[in-house]
**Q** 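Sharing a structure, written as structure tokens. Questions coming.
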Amino acid sequence: MQLIVATRNAHKTREIEQIFRSGLAVRDLTAHPEISEITESGTSFEENAKLKAIAVSRKLPGLVIADDSGLEVDALGGAPGIQSARYAGVNASDKEKIAKLLRQLAKVDAKSDQRRARFCCVLAVARDGQVLATVEGVVEGKIAGRPCGSHGFGYDPIFIPDGFEETFAELPEEVKNNISHRAKAIGKLQAKLPTLCAEV
């Protein structure tokens, strides 16, 4: 069974494939330059995931999974939220996004007990332009005072999940891939896959 992930983010594709651990062939859009970037015009993770899944499933056969995820920081009113990937500009690096977030926290003078945050992930599954299912995963935690660790991607170096002292970027992949927002969403999706695959 092949699953198409509606992304060109190699880090995200690799992480999804590792979490699935089911022998599924996970492919992304790097082999499909004819599919243009999908405008994420939704107002929530779920809306954006659906937009991407529907658009790609109209162009490619089989099941298409779209992931929309991001970081919500309480002291910043839930920012960067659905703008997580574009928080410091469309082409900003992960380091630039992290630097901006830490600057914003410094501006609001967020104390250690005010740095609560969560990673959210919504996966939408579509086929032939129709959404078949959506699932959500959330992991609670806090924002570190400075970036630590070299694993992961995005905001991983500054996110400390509840129950740990290390950031996502310091934890071994196998640990992060058991507790992350994406792992929780994929766990829910895996429970639905047999039914979805049977309908293909």
Side-chain angles (χ1 to χ4, degrees), residues 5-16 28-30 36-53 55-56 65-124 134 136-162 164 166-171 176-177 179-186:
V5 182
T7 186
R8 289 186 173 86
N9 183 327
H11 294 293
K12 187 177 287 188
T13 303
R14 180 170 175 266
E15 188 168 284
I16 289 172
D28 60 20
L29 300 182
T30 53
S36 57
E37 289 292 323
I38 296 107
T39 302
E40 296 181 14
S41 56
T43 59
S44 66
F45 295 119
E46 181 173 351
E47 286 183 14
N48 283 333
K50 286 180 175 179
L51 283 170
K52 291 184 279 189
V56 174
I65 296 175
D67 164 302
D68 200 54
S69 50
L71 180 67
E72 297 178 339
V73 182
D74 288 351
L76 300 180
I82 61 171
Q83 298 298 323
S84 292
R86 301 168 292 280
Y87 190 50
V90 176
N91 298 312
S93 67
D94 289 345
K95 285 184 177 180
E96 289 169 329
K97 288 180 276 191
I98 287 170
K100 178 177 179 179
L101 191 147
L102 292 178
R103 285 198 305 272
Q104 294 302 107
L105 279 177
K107 282 183 183 178
V108 300
D109 194 26
K111 305 296 188 288
S112 60
D113 61 344
Q114 298 173 319
R115 300 171 79 93
R116 295 295 305 166
R118 68 208 48 81
F119 265 125
C120 303
C121 169
V122 174
L123 298 177
T134 60
E136 181 182 23
V138 176
V139 59
E140 297 283 344
K142 62 184 178 182
I143 301 300
R146 60 184 178 82
C148 295
S150 57
H151 302 305
F153 61 101
Y155 298 92
D156 286 355
I158 56 169
F159 182 79
I160 302 172
D162 285 349
F164 292 84
E166 304 89 351
T167 68
F168 263 173
E170 293 177 290
L171 292 172
K176 180 196 171 187
N177 288 344
I179 65 171
S180 75
H181 52 309
R182 194 163 288 119
K184 291 179 179 181
I186 287 175

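Along the sequence shown, residues are numbered consecutively beginning with 1.
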**Q** Return the CG to CZ distance between Asp28 and Arg14, rounded to the nearest 0.5 Å.
**A**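 One gets 13.5 Å once the value is rounded to the nearest 0.5 Å.
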**Q** For a 4.5 angstrom cut-off between non-hydrogen side-chain atoms, does Pro161 reach Leu171?
**A**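 Sidechains of Leu171 and Pro161: in contact.
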**Q** With the side chain counted from C-beta on, respond yes when Pro80 and Lys100 share a heavy-atom pair under 4.5 Å apart, and no when they do not.
**A**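 Not touching, per the 4.5 Å side-chain cut-off.
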**Q** Can you check side chain to side chain contact (heavy atoms under 4.5 Å, CB included) on Leu71 and Ile143, steps first, answer last?
**A** CA-CA 10 Å; Leu71 180 67; Ile143 301 300; 3.9 Å; yes
**Q** Is there a side chain to side chain contact (heavy atoms under 4.5 Å, CB included) between His151 and Asp156 once you walk through the steps?
**A** CA-CA 8 Å; His151 302 305; Asp156 286 355; over 6 Å; no
**Q** With a 4.5 Å cut-off on side-chain heavy atoms, are Asn48 and Ile38 touching?
**A**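 No, side chains not in contact.
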**Q** Does some side-chain heavy atom of Lys142 sit less than 4.5 Å from a side-chain heavy atom of Asp74?
**A**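 Heavy-atom side-chain distance check fails, nothing below 4.5 Å.
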**Q** Please name the pair of heavy atoms, one in Cys148 and one in Ala169, separated by the smallest distance, quoted to 0.1 Å.
**A**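 Heavy atoms of Cys148 and Ala169 come nearest at O-CB, 3.4 Å.
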**Q** Any non-hydrogen side-chain atom of Glu15 less than 4.5 Å from a side-chain atom of Phe153?
**A**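 Result yes, sub-4.5 Å side-chain heavy-atom pair found.
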**Q** Rounded to the nearest 0.5 Å, how far does CZ of Phe119 lie from NZ of Lys176?
**A**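 These two atoms lie 7.0 Å from each other.
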**Q** For Val73, does its backbone N or O pair with a side-chain atom of Arg116 as donor and acceptor, under 3.5 Å?
**A**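 Pair absent, no side-chain N/O of Arg116 close to backbone of Val73.
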**Q** Could you state the interatomic distance from OG (Ser41) to CD1 (Ile82), rounded to the nearest 0.5 Å?
**A**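 The OG atom of Ser41 sits 9.5 Å away from the CD1 atom of Ile82.
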**Q** Considering non-hydrogen atoms only, spot the tightest contact between Glu47 and Thr43 and give its length.
**A**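 Scanning both residues, the minimum pair turns out to be OE1-N, 2.8 Å.
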**Q** Does Lys97 have any side chain to side chain donor-acceptor pair (under 3.5 Å) partners at least two apart in sequence or in another chain, and if so, which?
**A**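 Scan of Lys97 (side chain to side chain donor-acceptor pair (under 3.5 Å), adjacent residues dropped) gives Asp94.
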**Q** What is the minimum heavy-atom distance between Ala124 and Ala53, and which atoms define it?
**A**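 So the two residues come closest at O-CB, 3.7 Å.
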**Q** Quick one: closest heavy-atom pair of Asp162 and Gly141, and the distance?
**A**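 In this case the closest contact between Asp162 and Gly141 is OD1-CA, 3.3 Å.
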**Q** Could you grab the distance from atom CD1 of Ile186 to atom NE2 of His181, nearest 0.5 Å is fine?
**A**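 Atom-to-atom, Ile186:CD1 and His181:NE2 are 9.5 Å apart.
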**Q** Could you walk me through whether Asp67 and Lys52 satisfy the salt bridge (Lys or Arg N to Asp or Glu O under 4.0 Å) test, starting with their C-alpha distance in whole Å, then the side-chain angles of each, then the deciding distance to 0.1 Å, before giving a yes or no?
**A** CA-CA 8 Å; Asp67 164 302; Lys52 291 184 279 189; 5.5 Å; no
**Q** Looking only at heavy atoms, what is the nearest atom pair of Leu51 and Thr39, with distance?
**A**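 Of all heavy-atom pairs spanning Leu51 and Thr39, the closest is CD1-O, 4.0 Å.
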**Q** So which atom in Asn177 and which in Ala183 form the shortest heavy-atom distance, rounded to 0.1 Å?
**A**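 What the structure gives for the nearest pair is O-CB, 3.1 Å.
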**Q** Quick one: does Leu101's side chain get under 4.5 Å of Leu76's, heavy atoms only?
**A**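 Yes; the side chains approach each other to less than 4.5 Å.
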**Q** Please enumerate all residues that pass side chain to side chain donor-acceptor pair (under 3.5 Å) together with Arg86, with sequence neighbours excluded.
**A**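 Partners of Arg86 under the side chain to side chain donor-acceptor pair (under 3.5 Å) test: Glu40, Gln83.
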**Q** How long is the gap from SG on Cys121 to CZ on Phe45, to the nearest 0.5 Å?
**A**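 Spacing of SG (Cys121) from CZ (Phe45) equals 9.0 Å.
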**Q** Starting at OG of Ser180, measure out to CZ of Phe168 and round the result to the nearest 0.5 Å.
**A**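 So the gap between those two atoms works out to 5.5 Å.
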